[in-house]
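What follows is a short report on a single structure.
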Amino acid sequence: MKKYFSWTNIRLLLILLVVCFLYSFMSKRNENRKLQKATVEFLDGEQLFVTHETVNKLLIENKKDASSIQKVALDLNNLENAINRHEMVENAEVFVSVDGNLKAVVKQKTPVARVFESHDSYYIDYKGTKMPLSSIHTARVPLVSGEINVNNSKKLDELFRIIHNDEFLKKNIIGIQIMPSGSLIMKNRNFEYDIEFGKTINMERKFKNYKAFLQKAVLDSSIYSYKNINLKFTQQVVCTK
């Protein structure tokens, strides 16, 4: 008759039971532990439009500090959603580190234009959504006037991103006026002339022409006498004094 139980099997079973007990005990003990602290990290390195204090309050749900919160009481998804609902936040990730610290890693929205309407002013962010102005920081982005609607918004969003992604354009294009016809007139930071951009077609080509023209024109002081730079024609830049 075979022996189904031996001392070796019994020892293995006992070890397994002890390990399970210790794991359950440590898990329960870990859940009942309170957090050490709460920290906030901004991916862009700066608290431009929302402060550490604002995110921290959302993180600890307006309690005095993190040390009063038990791990078992945490709902990380709920905390993430609360921070993501903030109008200045693009995305947030919340987690608890092995040493008991509650941490939020936050990516703020990136404004690419500021729109002025008759009774309102707001930013448009990199994804093309509205973003309110901040009381703690003003973004250096092109000032946009004129009507933005469902017919032109996607192309304008693309235009704003092109400017934002190009260091030269980002520094120099400070104003964009949307005409009733759909054409655009832009302003340069360093010169008084108008830039007739035309409609939102062949945009990258037009900007390439403008940058090439400007690199040559700045060598000639006559650039300061120009009143109009026309980029409507993709094969040439037409200037008037």
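This is a predicted model, so every value here is computed, not measured. Throughout, numbering of the chain's residues begins at 1 and tracks the sequence.
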Report whether Ile148 and Leu184 are members of the same hydrophobic cluster (ILVMFWY, side-chain heavy atoms less than 4.5 Å apart, transitive linking).
-> yes
Looking at side-chain heavy atoms only, is the closest gap between Lys155 and Lys199 below 4.5 Å?
-> no
Ala139 to Tyr123 - nearest heavy-atom pair and separation = N-OH, 2.9 Å
Shared hydrophobic cluster for Tyr224 and Met186 (ILVMFWY, side-chain gaps under 4.5 Å) = yes
Could you tell me whether the side chain of Asn202 and the main chain of Arg205 form a donor-acceptor pair under 3.5 Å?
-> no
Just by modelled atom types, is the His52 backbone N or O under 3.5 Å from a matching donor or acceptor in the Asn56 side chain?
-> no
Got Leu58 and Leu79 here, is their nearest side-chain heavy-atom distance under 4.5 Å?
-> no
Aromatic rings Phe207 and Phe197: how do their planes relate, parallel, tilted or perpendicular, breaks at 30° and 60°?
-> tilted
Could you state the interatomic distance from CE (Met203) to CD1 (Ile162), rounded to the nearest 0.5 Å?
-> 4.5 Å
Distance col, row Arg114:CZ vs Met131:CE, nearest 0.5 angstrom, shows 11.5 Å
Are the side chains of Phe213 and Leu231 in touch, meaning some heavy atoms are under 4.5 Å apart?
-> no
Main-chain N/O of Asp125 paired with Thr110 side-chain donor or acceptor, under 3.5 Å = no
Just wondering, do Asn230 and Val237 contact through their side chains at under 4.5 Å, heavy atoms?
-> no
Looking just at side-chain N and O atoms, do Asn172 and Tyr210 make a donor-acceptor pair shorter than 3.5 Å?
-> no
Decide if atom CD of Glu204 counts as having more than 12 heavy atoms of other residues, nucleotides or ligands within a radius under 6.0 Å.
-> no
About how many Å separate CD of Glu196 and SG of Cys239, when rounded to the nearest 0.5 Å?
-> 11.0 Å
Using the six-membered ring wherever Trp is involved, compare the ring planes of Phe49 and His137 and label them parallel, tilted or perpendicular (cut-offs 30° and 60°).
-> perpendicular
Do you know the tightest heavy-atom contact between Met88 and Pro132?
-> CE-O, 3.2 Å
Side chains of Asp194 and Lys187: does their closest heavy-atom pair fall under 4.5 Å?
-> yes
Heavy-atom side-chain proximity of Leu76 to Leu102 below 4.5 angstrom | yes
OG1-CD distance between Thr129 and Glu90, expressed to the nearest 0.5 angstrom | 8.0 Å
Flag yes if more than 12 heavy atoms outside Arg140 fall under 6.0 Å of its CZ atom; otherwise flag no.
-> no
With the 4.5 Å side-chain cut-off for hydrophobic clustering, are Ile185 and Leu214 part of the same group?
-> no
Close side-chain approach of Leu48 to Phe42, heavy-atom, < 4.5 Å | no
Output yes when Glu158 and Arg161 qualify as a salt bridge under the 4.0 Å nitrogen-oxygen rule, no when they do not.
-> no
Same cluster (ILVMFWY, side-chain, under 4.5 Å), Phe168 and Ile163 | yes
Give the cluster check for Leu143 versus Leu156: same hydrophobic cluster or not, with ILVMFWY residues linked at side-chain heavy-atom distances below 4.5 Å.
-> no
Looking only at heavy atoms, which two atoms of Lys206 and Lys232 are closest? And how far apart?
-> CE-O, 4.1 Å
Measure the shortest side-chain to side-chain distance between Phe160 and Val141 over non-hydrogen atoms and say whether it is less than 4.5 angstrom.
-> no
